4 protein chains.
Amino acid sequence: MHPTLKPAGEGLRTRLFQVIFESDTPLAKGFDIALIVAILTSVLIVMLDSVEHLNAAHGELFYWMEWGFTLAFTVELLLRIYCLERPHHYLKSFYGVVDLLAILPTWLLLVVPGTQSLVMIRLLRALRIFRVLRLMQFVGEGRLLVESLKNSWHQIMLFLFAVLMMVTLFSALMYTIESREAGFTSIPMSIYWGIVTLTTVGYGDIVPVTPLGQAISTMVMLLGYSIIAVPTGVFSAEVIRSIRADRYSDEACPGCGHDRHEKRARYCLRCGTWLDEETPDPNAEQNHDDDAPSTDPA
Amino acid sequence: MHPTLKPAGEGLRTRLFQVIFESDTPLAKGFDIALIVAILTSVLIVMLDSVEHLNAAHGELFYWMEWGFTLAFTVELLLRIYCLERPHHYLKSFYGVVDLLAILPTWLLLVVPGTQSLVMIRLLRALRIFRVLRLMQFVGEGRLLVESLKNSWHQIMLFLFAVLMMVTLFSALMYTIESREAGFTSIPMSIYWGIVTLTTVGYGDIVPVTPLGQAISTMVMLLGYSIIAVPTGVFSAEVIRSIRADRYSDEACPGCGHDRHEKRARYCLRCGTWLDEETPDPNAEQNHDDDAPSTDPA
Amino acid sequence: MHPTLKPAGEGLRTRLFQVIFESDTPLAKGFDIALIVAILTSVLIVMLDSVEHLNAAHGELFYWMEWGFTLAFTVELLLRIYCLERPHHYLKSFYGVVDLLAILPTWLLLVVPGTQSLVMIRLLRALRIFRVLRLMQFVGEGRLLVESLKNSWHQIMLFLFAVLMMVTLFSALMYTIESREAGFTSIPMSIYWGIVTLTTVGYGDIVPVTPLGQAISTMVMLLGYSIIAVPTGVFSAEVIRSIRADRYSDEACPGCGHDRHEKRARYCLRCGTWLDEETPDPNAEQNHDDDAPSTDPA
Amino acid sequence: MHPTLKPAGEGLRTRLFQVIFESDTPLAKGFDIALIVAILTSVLIVMLDSVEHLNAAHGELFYWMEWGFTLAFTVELLLRIYCLERPHHYLKSFYGVVDLLAILPTWLLLVVPGTQSLVMIRLLRALRIFRVLRLMQFVGEGRLLVESLKNSWHQIMLFLFAVLMMVTLFSALMYTIESREAGFTSIPMSIYWGIVTLTTVGYGDIVPVTPLGQAISTMVMLLGYSIIAVPTGVFSAEVIRSIRADRYSDEACPGCGHDRHEKRARYCLRCGTWLDEETPDPNAEQNHDDDAPSTDPA
């Protein structure tokens with residue numbers, strides 16, 4: 001998991017490491033669950049605090065809870081640093097930065113007043129959940145997804161680039177044709193309309209009002225409706241390939257040359273030949289021994 | 001179907017059981033069809049009754065029809081209980097609870113006035129149709145779908161979790177950037193906007209009005225437009241895998257008992273035993289011939 | 001194509017048949033193209049006639065053109081009847097009915113005034129294009145689509161039924177929760193909202209205004225966004241299966257048992273055995289002849 | 001890449017050719033990057049210039065920058081012509097036309113005033129990026145996409161044609177049913193609504209207001225929601241087929257010249273000849289041994 005993270009020395013620090021960074025003992029599992037609850041609650045409080053009437057009614061409570069969580073996360077961060085052999089490795093890692101960002105905005109409030117707008121950074125702490133999920137091996141399920149996404153990323157990006165190109169040209173056309181009152185006030189605004197339309201979001205804040213504009217926009221809609229097939233097709237093909245690559249080996253059978261065996265296969269499903277050329281066939285040995293007496297009557 | 005449901009004794013109760021719980025005789029089929037019609041009609045009446053001007057015009061008719069259906073369903077429920085050997089098994093089953101919920105709200109009106117708001121529970125009776133469809137073997141078609149959904153459930157949930165994460169971060173950003181007048185009044189409200197946008201629903205009740213906000217929202221739209229590929233790809237791969245799983249036979253190998261071979265397999269992939277017990281193994285034959293000279297010393 | 005349609009006798013009627021019902025001679029091809037142009041033009045005129053200011057300006061022109069096309073299509077229909085041996089077969093076929101419906105509304109205007117509302121039936125004449133396209137073998141491309149749609153139809157219908165079920169329950173819940181002013185005035189209206197939301201259309205004419213209603217509607221959106229995967233997955237799997245079934249044969253090679261050959265293969269790609277057991281291998285014959293002299297030195 | 005484009009003679013013109021038309025030397029790569037930056041900047045300026053308040057503030061700056069880029073692109077075009085052996089081949093090619101269109105609108109302003117509306121043509125210069133990307137071999141990634149799109153094009157077009165047919169009929173029905181006030185003022189307008197609805201864009205500028213109209217529009221929505229599966233399925237199957245097509249080798253059979261074998265094939269599927277010329281045919285060997293006695297009479 002964290003190949004570069006090692007506990008510092010023996011005793012308390014090792015035990016702390018096992019609780020905080022691993023997830024094998026009951027105590028470590030309890031710590032993980034407490035952490036998830038704390039993260040979700042603190043994220044919920046940041047959200048609720050932004051609702052005006054809730055802030056008016058419970059603002060003070062939220063304020064102190066935020067400080068409570070910040071203190072708890074700070075202690076947790078210090079413990080993480082304390083129990084590691086090389087804490088700078090951790091602090092420079094992705095999760096180290098996230099851990100720091102989770103508490104920084106609140107502490108900054110003491111120094112620089114009026115930094116409430118750092119609310120988004122505060123929400124980044126939600127990302128910390130992924131670490132815990134990873135520790136608890138929930139994320140394993142998603143490896144196939146991430147792998148397939150990585151493999152199809154280039155093609156999907158190229159597709160999006162071509163889409164943006166078409167949107168730009170269609171939008172410039174609409175800007176020339178359509179009325180300024182309808183909202184097509186500039187090319188960037190038309191591009192905004194184009195993306196809203198092509199992705200089939202369709203807010204309706206900017207809509208074509210001239211017959212020609214409406215005719216062209218139906219073309220954009222049909223385009224968007226059809227080419228959604230492209231990323232979907234690319235990704236589906238990738239997932240199917242990943243699943244298959246996972247299960248089948250391409251090595252040919254030394255007996256008959258058949259080359260589509262499940263990886264777990266030990267004998268060829270076509271001719272029954274032992275497939276693993278590096279180890280001897282246990283049955284062959286056995287058969288040899290069994291046959292020997294009966295064919296050696298002398 | 002209902003392995004734990006058995007008719008109680010002989011005679012009338014058994015005949016009742018065959019009509020109500022099975023679907024083999026003409027009478028039972030007639031009962032099923034009558035039940036479907038009754039369920040659909042009663043659901044339709046609950047719906048129409050909620051339309052103000054229809055309620056004003058035909059409210060009384062709807063009221064008495066509702067009581068008529070409730071009485072009919074109550075009699076049906078009592079008959080179901082009467083003809084079963086162990087009625088508590090039925091009452092604790094999924095369909096038993098649905099059958100009870102189908103009539104409870106109307107009876108409750110006698111005891112607790114003003115429970116019209118239980119209208120949703122009343123509509124649950126629509127679920128009863130699935131039982132009849134299952135009896136009439138229409139639902140078999142859907143088994144592949146349900147199986148594939150179950151298998152891809154974990155990955156689709158994980159995907160939705162990651163999506164919600166991204167929506168939360170984007171929404172908090174929009175909350176910081178966008179005007180309160182445009183509707184971005186709080187982070188939860190921004191998240192509502194984010195989901196409306198990412199899923200490409202696009203009501204248009206909350207739309208970005210600042211150039212920066214519009215630029216960021218186009219990113220959310222393109223994100224939503226692209227990653228729809230993920231659940232689709234996962235599910236497609238799963239359906240294809242399920243169809244292909246039909247290629248596997250459940251018959252155990254006579255040699256080692258291994259029971260998951262591709263149907264086209266001729267030799268066990270684990271122990272190399274010839275699988276087709278009805279025809280002789282061509283290789284074995286050949287070996288036999290090869291051995292012949294050595295066992296025939298004369 | 002039209003197995004039951006045969007020309008009546010010899011001479012003029014047969015030649016007419018070849019022009020009207022077939023598409024092999026230059027004259028017949030010219031007739032097809034003229035027909036497509038006439039159909040599209042007449043459909044366009046019906047459409048343009050419905051635009052108020054165009055009707056005001058060119059109403060009379062449209063009126064006479066409509067009569068012109070109606071007369072032409074009537075003559076064509078009479079010719080079709082004239083040149084067929086059994087015209088009633090044609091008149092009762094799908095395209096016979098469409099041909100009749102294409103001219104009926106205009107003739108009806110003479111008898112029953114005020115039947116302008118039959119405009120939709122008049123547009124049905126657009127369907128006639130498919131006949132010409134079929135004749136000209138453009139539609140062949142779509143056979144795979146139609147086949148795959150037919151095979152996945154049952155599952156997609158079952159999926160839509162389950163979706164409608166969920167929409168009904170969610171809509172009833174929204175009807176209970178949401179304000180009547182926001183548009184949730186009855187359960188059918190809520191279902192309309194539910195379908196608008198789940199299919200990600202999102203007009204925005206009815207939108208939730210209470211926090212709880214908004215929370216529930218995000219669930220409907222995410223549901224609709226995720227389960228679009230179901231019809232797509234089912235149909236994709238079906239198309240892939242059709243393509244594959246088209247290309248590969250399941251028959252095993254008599255030599256090595258390999259069972260995944262392209263249908264066009266004549267020799268096993270694994271062991272080189274002649275695959276078609278019913279006809280002799282031409283090479284084998286040849287080899288036999290070639291070998292004969294060299295192995296027969298005596 | 002440009003098989004018909006060759007440098008003219010030796011010396012300066014060849015060196016220019018290598019910089020402008022190729023991408024192997026550091027100088028050529030620098031030129032490519034400078035070109036991408038110039039194209040993107042000039043496109044950005046055309047866009048920003050259309051925003052009213054930016055035009056008011058920086059209009060003059062944009063004007064001179066546009067002239068700067070036009071001059072630069074003109075010089076580039078002249079150099080391209082200068083260093084080619086047959087410049088007319090280049091000028092008639094796709095990229096030659098795009099290069100010309102990129103500078104024409106600005107020069108036209110000198111001759112014909114008031115041609116600001118050529119803004120769309122000016123944006124076509126964005127297409128020039130694809131040439132550079134192709135040179136730098138970024139586009140190779142997209143070849144699979146383009147290939148798959150080409151192969152599924154016919155079917156997707158046929159699908160769109162059938163969809164438009166259905167939209168037309170549904171729209172004519174809505175035009176008959178729905179109120180003119182709601183926006184269904186003509187059949188073309190209803191078709192606009194139909195496409196907005198079926199593609200799930202759902203602007204909400206035209207929405208049904210009668211119960212019957214709402215009922216029919218939910219059918220259009222569910223139709224659009226379901227049949228998105230068709231282009232997606234067709235394209236997915238095509239991508240999967242393309243990936244698999246990688247399994248085919250182009251090497252011709254030494255026996256009969258057939259050149260489309262699966263890569264795993266060992267024998268020609270048409271004439272049964274051993275394909276792998278580097279290793280001996282195991283069956284042939286065996287046959288050889290069998291023959292041995294008959295050719296070894298001694």
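Numbers restart at 1 for each chain; the letters A, B, ... are given by sequence-line order, proteins then strands. This is a predicted model, so every value here is computed, not measured. Keep in mind that the numbers below use all heavy atoms, side chains included, and drop hydrogens, waters and symmetry copies.
- Contacts of B/M165 with chain A are made by side-chain atoms alone, with heavy-atom separations under 4.5 Å and no backbone atom involved.
- Only the side chain of B/F161 comes within contact range of chain A, with at least one heavy atom under 4.5 Å from a heavy atom of that chain.
- Listed by chain and residue number, A/Y192, A/I195 satisfy the side chain to side chain contact (heavy atoms under 4.5 Å, CB included) test with B/T218 (two or more places apart in sequence, or in another chain).
- Residues passing the side chain to side chain contact (heavy atoms under 4.5 Å, CB included) test with A/T168 are A/I191, D/M47, D/L123, sequence neighbours excluded.
- Your options are B/V230, B/L169, B/V201, B/L173, and the one with the most heavy-atom pairs under 4.5 Å with chain A is B/V230.
- For a residue to count as touching a neighbouring chain, one of its non-hydrogen atoms must lie under 4.5 Å from one of that chain's; by this rule A/L149 touches chain B with the side chain only.
- The only option from B/I227, B/L198, B/V220 that meets the side chain to side chain contact (heavy atoms under 4.5 Å, CB included) definition with B/M166 turns out to be B/I227.
- Among residue pairs with one or both ends in residues 224-238 of chain A, those qualifying as side-chain hydrogen bond (donor to acceptor under 3.5 Å, both in side chains) are A/N151-A/E238, A/E238-A/R241; sequence neighbours excluded.
- Side chain of B/R180 to main chain of B/Y175: a donor-acceptor pair is present (N/O by atom type, distance under 3.5 Å, no hydrogens or angles).
- At a heavy-atom cut-off of under 4.5 Å, chain A is reached by B/Y203, B/G204, B/I206, B/V207, B/P208 from residues 203-211 of chain B, listed in order of number.
- Judged by distance alone, the side chain of A/N55 and the main-chain N or O of A/D49 form a donor-acceptor pair under 3.5 Å.
- Interface remark: of the candidates B/A215, B/P188, B/S171, B/P188 forms the most heavy-atom pairs closer than 4.5 Å to chain A.
- Shown here for B/E178 and B/Q214, the closest heavy-atom pair between the two residues is OE2-N, 4.3 Å.
- Here the closest non-hydrogen pair linking B/G233 and A/F235 is CA-CD2, 3.9 Å.
- In this model, a donor atom of one side chain and an acceptor atom of the other lie less than 3.5 Å apart for A/E66 and A/T106.
- Residue B/S217 touches chain A through its side chain alone, counting heavy-atom pairs closer than 4.5 Å.
- Within the 4.5 angstrom heavy-atom criterion, only backbone atoms of B/T185 (N, CA, C, O) approach chain A.
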